[in-house]
Amino acid sequence: VHSKFKDVKSLHLPPSRIMAEPISSSSGSAAPRIIVIGSGLAGLAACVEALRRGGQVVLLEKEAAMGGNSAKATSGINGAGTTAQATCGIHDTAELLTKDTLISGRGLCKQALVETLAAQSPAAISFLEALQLDLSSVGQCGGHSCPRTHREPDLPGGKPRPIGFDIITALRKHLEAQDHALFRVVFRARVIELIFEAGAVRGVKYTVGDSTEPHDIRASSVILATGGFSSDHHGLLRRYAPSLSSLPTTCGSFATGDGVRMGTAIGAATVDMSYVQVHPTAFVDPANPIAAVKFLAPELLRGCGGILLNRSGVRFVNELAPRDVVTGAMYKFASVVPFEGFSTASEAEAAYQDVHLQAPRKAEALLVLDQQAVDRFGEATFAFYHKAKGFFTVVEGAPGLSQYIGGLPAHSPASSAASSPAPADSAPETVVRKTLETVAAFAAGTALDPLGRTSFGSPFTDACVGPLYVARVTGAIHYTMGGLAIDPAARVLASAEPPSTPATADVCIPGLFAAGEVTGGVHGANRLAGNSLLECVVFGRIAAASAVSYATEAI
């Protein structure tokens with residue numbers, strides 16, 4: 001098992017320049033000073049781009065290390081029309097990525113932002129590859145028309161490469177090599193407020209470490225890259241999405257919406273704040289099923305052939321549908337209500353009308369892979385989830401899977417009540433066998449899946465008798481689609497802007513820019529897998545370009 005995967009804390013990178021002292025208020029340099037708040041992928045991409053464009057950068061990070069939730073990313077980063085896709089014979093375009101993103105966002109995406117995201121995606125991949133990252137492995141995740149999610153291939157011998165960790169590492173090393181006079185970073189720096197004077201942002205107030213003494217630092221521009229609010233259960237989540245505030249999360253405790261609060265305090269607009277993504281497949285740890293923070297089951301586990309079953313032993317959803325559809329289907333068909341499957345596509349279509357709007361309820365599904373799906377995902381990578389974390393159990397074919405389901409606790413993992421075994425016949429072997437046989441027929445193309453899945457990844461030909469790997473999964477808060485409103489130049493918009501008015505310079509807050517999960521408008525009601533890292537690179541770089549341009553003009 002890759003040592004970097006041993007626990008979540010190990011994904012936070014050790015800082016090479018821990019600075020406990022405040023930085024002088026004035027820059028003392030002819031280069032325009034740019035403050036970047038947050039050192040996830042959006043913040044680090046902004047730092048690199050700002051330096052390339054002649055800026056002097058101060059990076060403020062409230063944690064003791066770089067990375068944020070970006071370092072935990074596992075699926076990869078999207079790109080449309082890339083060299084890697086061409087090598088694999090995959091035809092893809094920015095227009096197709098735009099279409100998929102807009103469909104997933106259910107009419108709420110800001111189209112100009114999505115078009116920028118898609119158009120700049122090949123450049124985003126190239127930007128990372130220039131840092132000696134190999135992103136030649138391309139997979140397909142839910143909601144995508146074709147394979148476009150880029151990640152690193154496994155090392156020889158099958159040793160996995162953690163894509164988020166490696167991206168952050170590459171950016172960190174690049175920044176460490178920069179002139180110390182032009183790039184400074186302060187860890188454990190908690191920004192108290194933005195300095196807003198004469199109608200523009202002029203810097204920030206912050207504290208360092210355990211000290212409560214505030215310090216001012218002046219700058220020509222400020223870039224917010226502080227991430228979302230998926231761990232702010234008693235604050236922004238309770239205010240904007242109260243029905244979700246009791247759910248577990250896959251995010252770090254640092255995701256508390258700091259940037260949203262900073263921006264709105266000086267009149268910044270927000271958008272789509274009530275839209276919070278519940279990822280359908282967070283592992284239920286057998287050792288601690290009621291844990292408030294859960295480990296994500298990567299979407300590629302399904303992309304490589306994994307299927308989802310309820311406790312009746314039947315499939316209930318197209319596993320590669322957009323995340324909100326899969327989550328809604330779990331609430332509707334994998335909760336305590338018995339469900340025994342669909343017989344026709346029209347029956348399934350009727351049942352899935354607005355399924356993404358299902359109210360949250362205690363629900364749990366079973367993620368099942370056969371050996372070929374495991375091989376395609378990567379045996380060494382899979383071993384982390386199976387052997388190191390203990391999330392998967394090996395069973396023998398249909399009989400073993402039926403017996404496993406019959407022995408599961410009757411209560412949801414979200415319940416703290418004592419649990420008792422479910423009835424032994426809750427998933428008869430005949431039902432499980434039929435499910436596995438029909439999946440094999442769908443994968444072989446001899447029958448059409450009424451749920452609409454067309455790419456199965458694994459043939460499931462020996463599933464009824466061969467080894468199967470099964471894990472319990474449940475929904476967990478994973479991403480906040482809403483945040484500060486920005487225009488395609490990553491300028492933060494003022495709250496006085498009517499929603500229908502095109503963004504122009506006079507509705508922006510001068511000197512303030514933002515990128516990444518702190519912003520809203522790109523993903524609408526539901527984010528596609530792989531678009532988060534892409535958004536960070538694309539708009540992190542754009543924010544830096546805009547910030548340096550603004551600062552240069554101001555000088």
>> Run the ring-ring contact (aromatic ring centres under 6.0 Å, His included) test against His478 and tell me which residues pass, sequence neighbours left out.
In response: His279

> Partners of Lys173 by salt bridge (charged side-chain N to carboxylate O under 4.0 Å, His left out), sequence neighbours excluded?
Replying inline: none

> Does Arg190 CZ have over 12 foreign heavy atoms under 6.0 Å away?
Replying inline: no

> Got a salt bridge between Arg172 and Glu176, using NZ or NE/NH1/NH2 to carboxylate O under 4.0 Å?
Replying inline: yes

> Parallel, tilted or perpendicular: which describes the rings of Phe295 and Tyr385, with under 30° parallel and over 60° perpendicular?
Replying inline: perpendicular

> Roughly how far apart are Leu224 CG and Leu194 CG, rounded to 0.5 Å?
Replying inline: 5.5 Å

> Relative to the ring of His523, is the ring of Tyr479 parallel (under 30°), tilted (30 to 60°) or perpendicular (over 60°)?
Replying inline: perpendicular

> So Thr480 and Glu517, side-chain hydrogen bond (donor to acceptor under 3.5 Å, both in side chains) or not? Walk me through it.
Replying inline: CA-CA 7 Å; Thr480 49; Glu517 195 176 352; 3.1 Å; yes

> Which atoms form the tightest heavy-atom contact between Lys72 and Thr250, and what is the distance?
Replying inline: NZ-O, 2.7 Å

>> With a 6.0 Å cut-off (strictly less than), is the heavy-atom count around CZ of Arg239, excluding the residue itself, greater than 12?
In response: no

> For residues Asp258 and Thr226, is any side-chain donor paired with an opposing acceptor at under 3.5 Å?
Replying inline: no

> Can you find a pair of side-chain heavy atoms, one from Ile195 and one from Val201, that are under 4.5 Å apart?
Replying inline: no

When the side chains of residues 507-514 are checked against the rest of the protein, which donor-acceptor pairs come out under 3.5 Å, sequence neighbours left out?
none

> Counting only heavy atoms not in Phe391, do more than 12 fall under 6.0 Å of its CZ?
Replying inline: yes

> Atom CZ of Phe165 and atom CD of Glu152: how far apart are they, to the nearest 0.5 Å?
Replying inline: 11.0 Å

> Mind checking what makes salt bridge (charged side-chain N to carboxylate O under 4.0 Å, His left out) contact with Asp285, not counting sequence neighbours?
Replying inline: none

>> Before you tell me yes or no, could you show the steps for Asn531 and Thr101 under side-chain hydrogen bond (donor to acceptor under 3.5 Å, both in side chains), namely the whole-Å CA-CA distance, both residues' side-chain angles and the distance that decides it to 0.1 Å?
In response: CA-CA 8 Å; Asn531 268 358; Thr101 301; 3.1 Å; yes

> Is there a side chain to side chain contact (heavy atoms under 4.5 Å, CB included) between Gln56 and Ile34 once you walk through the steps?
Replying inline: CA-CA 6 Å; Gln56 180 205 85; Ile34 311 297; over 6 Å; no

> How would you list, by chain and number, every residue that makes a salt bridge (charged side-chain N to carboxylate O under 4.0 Å, His left out) with Glu49, sequence neighbours excluded?
Replying inline: Arg53, Arg541

> His150 versus Gln85: any side-chain heavy-atom pair under 4.5 Å?
Replying inline: yes

> So, for Leu236 and Thr256, which heavy atoms are closest and what is the spacing to 0.1 Å?
Replying inline: CD1-O, 4.4 Å

>> Does this structure show an ion pair linking Asp232 with Arg261, if we count only N-O contacts that are shorter than 4.0 Å?
In response: yes

> What pairs with Arg302 under salt bridge (charged side-chain N to carboxylate O under 4.0 Å, His left out), at least two apart in sequence or on another chain?
Replying inline: Glu299

>> I need the minimum non-hydrogen distance between Ala80 and Pro122, along with the two atoms involved.
In response: O-CG, 3.2 Å

>> Could you check whether Arg323 and Gln277, counting side-chain N and O atoms only, form a donor-acceptor pair closer than 3.5 Å?
In response: yes

>> To the nearest 0.5 Å, what is the distance between CZ on Arg202 and CZ on Arg218?
In response: 8.5 Å

> Are Ser104 and Asn526 close enough, and set up right, to give a side-chain hydrogen bond (donor to acceptor under 3.5 Å, both in side chains), and what steps lead you there?
Replying inline: CA-CA 6 Å; Ser104 178; Asn526 182 57; 2.9 Å; yes

> Quick one: do Lys110 and Asp487 make a salt bridge, cutoff under 4.0 Å?
Replying inline: no

